[in-house]
Amino acid sequence: MDDEDQLVYTLDDALASAGFGKFQFLVLAYAGLGWFAEAMEIMILSFVGPAVKSQWNLSSTQESLLSTVVFAGMLVGAYSWGLFSDYCGRRKGFLGITIITSAAGFLSTFSPNYVSLLILRCLVGVGLGGGPVFSSWFLEFVPASHRGTWMVVFSTFWTFGTIFEAALAWMVLPRLNWRWLLAFSSLPSIAQLFFYWIVPESPRYLSMKGRITEAHNILEKIAQLNQSKLPPGMLVSDSTIGLDEESAPSKYTPLLSSTRKLVSDFKSGFSSFVMLFSSKAK
C-alpha cells in the first residue's frame, strides 16, 4: 500500500523533475512577445497623440482622450480575459487577445476620422488588458524553484518593448507619419497570431479541469524536449490531493453542478470587483 501511494505525483513534482530547458525557452519567447507587444502599444500613446492633434487640429481634451480610451479598454479587458482564460483555457484566451489587439491596432492605421480612431484604440486597450494572461501562462510551465528568477527575466521584455517603440517612432515619424507607426507597432501582435498554432495549453489549467491525460501528454513533451524524465507513477491534480488531506467527500460526488459552480464563481468575482469602488474598501 505504501508503494502504491508513492507512485503518485503532482504537477509541481512533474515540473521539478522535467526542469527548466528548451521547452520553457520557447514558451518564454511567445509570452515575452506578447509582453513586448503590449509595451509597444502603451508606449505609442506618447507619440501618436501629438501627431494626430497636429494633423487633425484636435483640442488638448481630444488628444488626452486618445490615451484615456485605451486605459478604459484595459480596465474591461484585464478583468474579462482572466475569467475567460480560466473557464475556456489559456490558448483560447490568447486567440481572442491577439485577434482583437492585432486587428484593431492595424485597422487604426486607416482611421478616416477621430471617432473611428477612438473606437479602434479602445478595442486595442481591451486586448491589452489580457497581458497578465501571458505572464501567468508562462509561469505555469516553470518549476517553483525557478519562478522568481524567470519572472524578472520575463519583465525585461516590457523594457525592451518600450525602448524599441521609442526608437521606431524616432525613425518613422520624421520620414512617414503616425499611420505608419501604428502599422509597424501592430506587427508583434500579428506575429503572435501567426505562431498561435504551436502554443501548448497550460498543463495546470488542464489538471484543474480534470483533463489529466492531456496534461500528462504535455508534461511528457516538456520532459522529452528538456531531455529529462517525469517522476514514476500517475499524475494527479493538486485539488485531488487537497481533498484527500482535508478528508473531503469523494471526488465522484460533485457538490455543485458545473453550471451552478460557474455562476457562483462569476458572482463571487463580480462582487470582489464591485468592492473596489465601495467606501468600505478605503
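All residue numbers in this chain count up from 1 along the given sequence.
- Around CD of Gln224, the count of heavy atoms belonging to other residues, nucleotides or ligands within 6.0 Å does not exceed 12.
- By the 4.5 Å heavy-atom criterion applied to side chains, Glu140 and Pro203 are not counted as neighbours.
- Put simply, the side chain of Val52 reaches to within 4.5 Å of the side chain of Leu117, judged on heavy atoms.
- The distance from the CG atom of Leu65 to the CD atom of Glu63 is 11.0 Å, given to the nearest 0.5 Å.
- In this structure a side-chain-to-backbone donor-acceptor pair under 3.5 Å is present from Glu201 to Arg90.
- Residues Ile99 and Leu193 share a closest heavy-atom pair of CG1-CD1, 3.7 Å.
- No donor-acceptor pair closer than 3.5 Å links the side chain of Asp12 to the backbone N or O of Pro143.
- Donor-acceptor pairing under 3.5 Å is recorded for the side chains of Gln55 and Trp178.
- Residues Trp81 and Leu128 fail the side-chain proximity criterion, which asks for heavy atoms closer than 4.5 Å.
- Distance check, rounded to the nearest 0.5 Å: CG of Asp13 to CG of Leu219 gives 11.0 Å.
- The heavy-atom pair separating Ser207 from Ala215 by the smallest distance is N-CB, 4.1 Å.
- The two atoms that bring Met40 and Gly161 nearest to each other are CG-O, 3.5 Å, heavy atoms only.
- For the pair Leu118 and Leu66, the minimum side-chain heavy-atom distance is below 4.5 Å.
- Cation-pi geometry between Arg179 and Phe110 is not met at under 6.0 angstrom from the ring centre and within 45 degrees of the axis.
- The closest donor-acceptor contact from the side chain of Ser54 to the backbone of Ala51 lies at 3.5 Å or more, if one exists at all.
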query = Between Tyr114 and Trp56, is a ring pair (Phe, Tyr, Trp, His ring centres under 6.0 Å) present by the stated rule, with each step listed?
reply = CA-CA 8 Å; Tyr114 174 73; Trp56 286 351; 7.1 Å; no
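- Thr149 contributes atom OG1, which lies 9.5 Å from atom CZ of Phe20 (distance to the nearest 0.5 angstrom).
- With hydrogens and angles ignored, the 3.5 Å screen pairs no side-chain donor or acceptor of Thr101 with any backbone N or O of Thr98.
- Summarising the geometry of Phe141 relative to Pro200, their closest heavy-atom pair is CZ-CG, 3.9 Å, with the distance given to 0.1 Å.
- Other residues, nucleotides and ligands contribute only 12 or fewer heavy atoms inside 6.0 Å of the CZ atom of Phe194.
- Note: Phe157 and Phe154 have tilted aromatic rings, judged against thresholds of 30 and 60 degrees for the angle between ring planes.
- At least one donor-acceptor pair under 3.5 Å links the side chain of Ser85 to the backbone N or O of Gly82.
- Using a 4.5 Å cut-off between side-chain heavy atoms of Ile, Leu, Val, Met, Phe, Trp and Tyr, with links allowed through other members, Ile198 and Phe94 fall into the same hydrophobic cluster.
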inquiry  = Please determine whether ring pair (Phe, Tyr, Trp, His ring centres under 6.0 Å) holds for the pair Phe25 and Trp150, giving the CA-CA distance in whole Å, both sets of side-chain angles, and the decisive distance to 0.1 Å.
reply    = CA-CA 10 Å; Phe25 280 113; Trp150 287 100; 5.4 Å; yes
inquiry  = Set out, in order, the CA-CA distance, both residues' side-chain angles and the distance that settles side-chain hydrogen bond (donor to acceptor under 3.5 Å, both in side chains) for Ser102 and Gln192, then state yes or no.
reply    = CA-CA 9 Å; Ser102 59; Gln192 277 190 291; over 6 Å; no
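- Closest non-hydrogen pair, Ser185 versus Pro188, comes out as O-CD, 3.4 Å.
- Residues Glu41 and Arg121 are paired through a salt bridge, judged by an N-O separation under 4.0 Å between the basic side chain and the carboxylate.
- In this pair, Phe164 and Phe36 present their aromatic rings tilted. The plane angle is within the 30 to 60° band.
- Ring-plane geometry between Phe134 and Tyr30 is classed as tilted, the angle between the planes lying from 30 to 60 degrees on a 0 to 90 degree scale.
- Side-chain contact between Val70 and Cys122 is absent, with no heavy-atom pair separated by less than 4.5 Å.
- Here the closest non-hydrogen pair linking Ala191 and Leu33 is CB-CD2, 4.1 Å.
- A donor-acceptor pair under 3.5 Å is absent between the side-chain atoms of Ser136 and the main chain of Val133, judged by distance alone.
- Expressed to the nearest 0.5 Å, how far CD1 of Ile119 lies from CG of Leu107 amounts to 12.0 Å.
- Counting heavy atoms from C-beta outward, Trp170 and Phe47 have side chains that stay 4.5 Å or more apart.
- The distance from atom CE of Met171 to atom CZ of Arg175, rounded to the nearest 0.5 Å, is 8.0 Å.
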inquiry  = Quick one, Asp86 with Lys209, criterion salt bridge (Lys or Arg N to Asp or Glu O under 4.0 Å). Give me CA distance, side-chain angles, the key distance, then yes/no.
reply    = CA-CA 10 Å; Asp86 281 342; Lys209 291 297 182 179; over 6 Å; no
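- Taking the side chain as every heavy atom from C-beta outward, Leu15 and Arg147 approach each other to under 4.5 Å.
- Taking 4.5 Å as the limit, every side-chain heavy atom of Ile212 sits out of range of all side-chain heavy atoms of Met234.
- From Ile218, atom CD1 reaches atom OH of Tyr205 across 11.5 Å, with rounding to the nearest 0.5 Å.
- Between the side chain of Ser202 and the backbone N or O of Arg204 there is at least one donor-acceptor pair closer than 3.5 Å.
- No path of Ile, Leu, Val, Met, Phe, Trp and Tyr side chains, each step under 4.5 Å between heavy atoms, connects Leu120 with Val76, placing them in separate hydrophobic clusters.
- Looking only at distances, no side-chain donor or acceptor of Glu165 sits under 3.5 Å from a matching main-chain atom of Thr162.
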